[in-house]
Amino acid sequence: MASNSAKEINFFNVVWKLVYPSVPGGIDNPFINPLGPGAPSLAGLMCSRSFVCVAGKDGLRDRGIWYYEAVKKSGWQGEIQLFEEKDEDHVYHLVKPSLNQDSHSADKLIKLMASFLLN
């Protein structure tokens with residue numbers, strides 16, 4: 001994860017400290033960083049399928065892709081799918097959730113997720 005600016009990384013640290021002020025390890029605690037020190041192996045994930053969604057303009061995009069690649073390399077025996085919406089930002093599917101808000105991206109994501117879950 002190399003492309004996040006220092007400003008973005010500081011913002012993520014501040015938010016995480018608000019969410020869990022006493023967390024040992026800060027943003028690299030396994031609760032937020034499954035590849036952080038002391039995190040269990042991803043090969044032991046207790047599901048058979050995983051869907052990872054990232055947004056191209058999101059400061060956390062690289063972490064999502066990093067996680068996806070780590071799961072694939074971990075020896076986990078499940079199915080993993082990566083979806084990236086290049087022209088959107090963090091939580092775009094919550095900010096602009098429907099067609100009448102000038103974004104088809106959320107509907108596209110919801111349909112892909114439904115298809116992934118049902119197939």
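Owing to the predicted nature of the structure, the values given are computational and were not obtained by experimental measurement.
- With values rounded to the nearest 0.5 angstrom, Met113 atom CE is found 7.0 Å from His93 atom NE2.
- The two atoms that bring Pro30 and Pro37 nearest to each other are CG-O, 3.8 Å, heavy atoms only.
- Annotation: side chain of Leu82 is in contact with side chain of Val54 (closest heavy-atom distance under 4.5 Å).
- Looking only at side-chain heavy atoms (C-beta outward), Ile32 and Phe12 stay at 4.5 Å or farther from each other.
- Counting non-hydrogen atoms of other residues, nucleotides and ligands closer than 6.0 Å to CZ of Phe51 gives a total above 12.
- Here Trp16 contributes atom CH2 and Asp28 contributes atom CG; the two are 11.0 Å apart, rounded to the nearest 0.5 Å.
- Counting heavy atoms from C-beta on, the side chains of Ile80 and Lys72 come closer than 4.5 Å.
- With sequence neighbours left out, Phe83 forms a ring pair (Phe, Tyr, Trp, His ring centres under 6.0 Å) with no residue at all.
- Applying the salt bridge (Lys or Arg N to Asp or Glu O under 4.0 Å) criterion to Glu84, with sequence neighbours excluded, gives Arg61, Lys86.
- Side-chain atoms of Asn29 never come within 3.5 Å of backbone atoms of Gly25 as a donor-acceptor pair (strictly under, hydrogens ignored).
- At least one side-chain heavy atom of Leu42 sits less than 4.5 Å from a side-chain heavy atom of Pro34.
- Between Cys53 and Leu109 there is a side-chain heavy-atom pair separated by less than 4.5 Å.
- To the nearest 0.5 Å, atoms OH (Tyr92) and NZ (Lys57) are separated by 12.5 Å.
- Residues Leu112 and Glu85 are not in side-chain contact: their nearest non-hydrogen atoms beyond the backbone lie 4.5 Å or more apart.
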What do the steps show when you test Trp66 against Asn33 for side chain to side chain contact (heavy atoms under 4.5 Å, CB included), and what is the final call? CA-CA 10 Å; Trp66 183 40; Asn33 180 1; 3.6 Å; yes

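- For Asp58 against Asp89, the heavy-atom pair with the smallest separation is CA-OD1, 3.4 Å.
- The side chain to side chain contact (heavy atoms under 4.5 Å, CB included) search around Ala43 returns Ser41, Ser74, not counting sequence neighbours.
- Remark: the backbone N or O of Cys47 is paired with a side-chain donor or acceptor of Trp76 at under 3.5 angstrom.
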